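Here is the structure we will look at.
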Amino acid sequence: MKEFVISEAKAETAVLVGLITQEQDEAKTKEYLDELEFLADTAGAVTIKRFTQKVNGPSQVTYVGKGKLEEIKQYIKACEEEDEPIGMVIFDDELSAKQIRNIEKELQVKILDRTSLILDIFAMRAQTANAKTQVELAQYRYMLPRLQRLWTHLERQGGGSGSGGGKGSVGLRGPGETQLELDRRIILQRITLLKQRLVEIDKQKTTQRKNRGRLIRVALVGYTNVGKSTIMNLMAKSEVFAENKLFATLDTTVRKVVIENLPFLLADTVGFIRKLPTDLVESFKSTLDEVREADLLLHVVDISHPDFEEQIKVVDQTLKDLECSEKPTMIVFNKIDNYKWVAKEEDDLTPETRENIDLEQLKRTWMARLNDNCLFISAKNKENIEEFRDILYKKVRELHVQKYPYNDFLYPQMDE
């Protein structure tokens with residue numbers, strides 16, 4: 001059976017390939033390739049070269065044009081001659097089986113696309129049975145339409161002599177099955193089994209959620225690597241794994257938090273990303289149920305990221321796909337300690353860009369746009385955390401009174 005993902009993290013060298021189109025200009029392509037390089041680094045690969053091409057759209061045969069593919073081929077060949085072989089070529093979009101087959105035939109190296117790279121990182125990060133099952137299901141769903149005829153040298157399995165009453169076993173007379181068909185059947189059986197497991201896991205999770213009592217549920221959502229787990233550790237005094245890598249958190253972690261007299265549940269969820277594979281969204285539905293059942297969403301944003309507004313749009317669209325866009329939401333701009341801007345010269349008459357806006361200007365802009373429904377913090381340096389706690393307390397208390405009007409707070413507050 002053909003594998004399309006890296007089985008383990010290795011310090012392999014990688015070449016990245018992206019397209020510049022009418023819908024995706026050069027600046028946007030650079031941002032996407034920056035993110036793809038971060039993904040490759042997270043998976044354990046070192047990026048040494050990027051290739052881009054201006055086209056109307058991807059080639060149905062080889063993704064890039066023949067000339068660009070030949071250029072990549074010659075670069076790989078030159079690296080091999082210098083005894084620095086290229087481990088893989090990673091494409092920024094999802095490739096079809098036909099594209100993978102044709103590119104592999106031409107380049108003679110491992111070919112990955114953004115989807116397979118994300119799946120590999122998820123497989124590397126998965127710790128619990130729930131996450132491992134969901135990742136495996138997504139991997140099989142990705143592999144199924146990409147099975148290739150790798151076994152044509154083998155005889156067909158189980159075939160008999162057809163209508164002549166030959167040596168074939170009962171029920172297996174006829175042409176038999178190719179190895180490809182066997183692989184497909186095995187994968188389909190495995191997918192069915194994994195779905196059944198997820199149904200059982202989902203039942204357990206539903207039971208756990210029902211047993212949590214009358215508490216407001218708050219979920220941290222946002223783009224990957226924006227600091228959700230750091231905020232979780234700060235608020236809940238827990239030790240959720242957090243590092244400067246993509247998808248550091250796969251399993252939803254729920255902790256009980258108490259602010260003053262008010263207890264509530266805080267959930268740390270898997271981060272979203274551009275071009276998130278639909279198979280992953282489908283497989284992680286049980287994990288994302290914490291988002292669906294939350295009473296309040298804290299949308300965490302890395303304000304120091306140069307493309308944070310695009311990341312907000314990606315998260316908003318994903319929440320819309322999950323039918324959670326109407327939930328009460330508060331935007332938490334994190335990493336203000338990393339925010340950088342460049343002041344314009346007095347005689348510079350060119351239009352002001354986002355890079356020329358200081359943090360105070362940006363705060364005023366967003367607070368006016370969101371009717372003060374946002375906050376600016378640094379979870380790492382613990383800046384504005386007390387203000388964050390106060391605002392969160394007020395929002396959770398308001399929701400608690402609405403949802404449980406006859407339920408006293410578990411921790412009575414003494415009047416001064």
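Quick caveat, the model's predicted, so the values are computed rather than measured.
- Considering CD1 of Ile312 and CD of Glu310, their distance stands at 10.0 Å, rounded to 0.5 Å.
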Fill in: Stepwise side chain to side chain contact (heavy atoms under 4.5 Å, CB included) check, Glu31 with Arg274
CA-CA 11 Å; Glu31 290 169 9; Arg274 296 183 187 99; 4.1 Å; yes
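- Remark: Lys54 engages no residue in a side-chain hydrogen bond (donor to acceptor under 3.5 Å, both in side chains) (not counting sequence neighbours).
- With respect to the salt-bridge test (charged N to carboxylate O, under 4.0 angstrom), the residues Lys382 and Asp337 do not qualify.
- Across Gln402, Lys403, Arg217, a single residue satisfies side-chain hydrogen bond (donor to acceptor under 3.5 Å, both in side chains) together with Asp295, and that is Lys403.
- Listed by chain and number, the residues in a side-chain hydrogen bond (donor to acceptor under 3.5 Å, both in side chains) with Asn102 amount to none (sequence neighbours excluded).
- Side-chain contact between Tyr63 and Gln53 is absent, with no heavy-atom pair separated by less than 4.5 Å.
- Checked by atom type, the side-chain pair Asp113/Ser116 shows a donor-acceptor distance below 3.5 Å.
- Using a distance-only test at 3.5 Å, with no hydrogens or angles considered, a donor-acceptor pair links the side chain of Thr13 to the main chain of Pro85.
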Discussion item. What verdict does the side chain to side chain contact (heavy atoms under 4.5 Å, CB included) test give for Leu234 and Phe388, after you've listed the backbone C-alpha separation in whole Å, the side-chain angles of each residue and the deciding distance to 0.1 Å?
Written reply: CA-CA 11 Å; Leu234 197 62; Phe388 175 46; over 6 Å; no
Worksheet entry | salt bridge (Lys or Arg N to Asp or Glu O under 4.0 Å) assessment of Lys395 paired with Glu398 | CA-CA 5 Å; Lys395 288 184 176 293; Glu398 183 180 339; over 6 Å; no
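- For Gln74, the side-chain hydrogen bond (donor to acceptor under 3.5 Å, both in side chains) partners are Glu70, not counting sequence neighbours.
- Ring geometry for Phe333 versus Phe376: interplanar angle under 30°, hence parallel rather than tilted (30 to 60°).
- Here the rule is side chain to side chain contact (heavy atoms under 4.5 Å, CB included) with Lys335, and of Asp302, Asn381, Ile377 only Asp302 fits it.
- Under 3.5 Å, the side chains of Tyr32 and Asp307 contain no donor-acceptor pair of N or O atoms.
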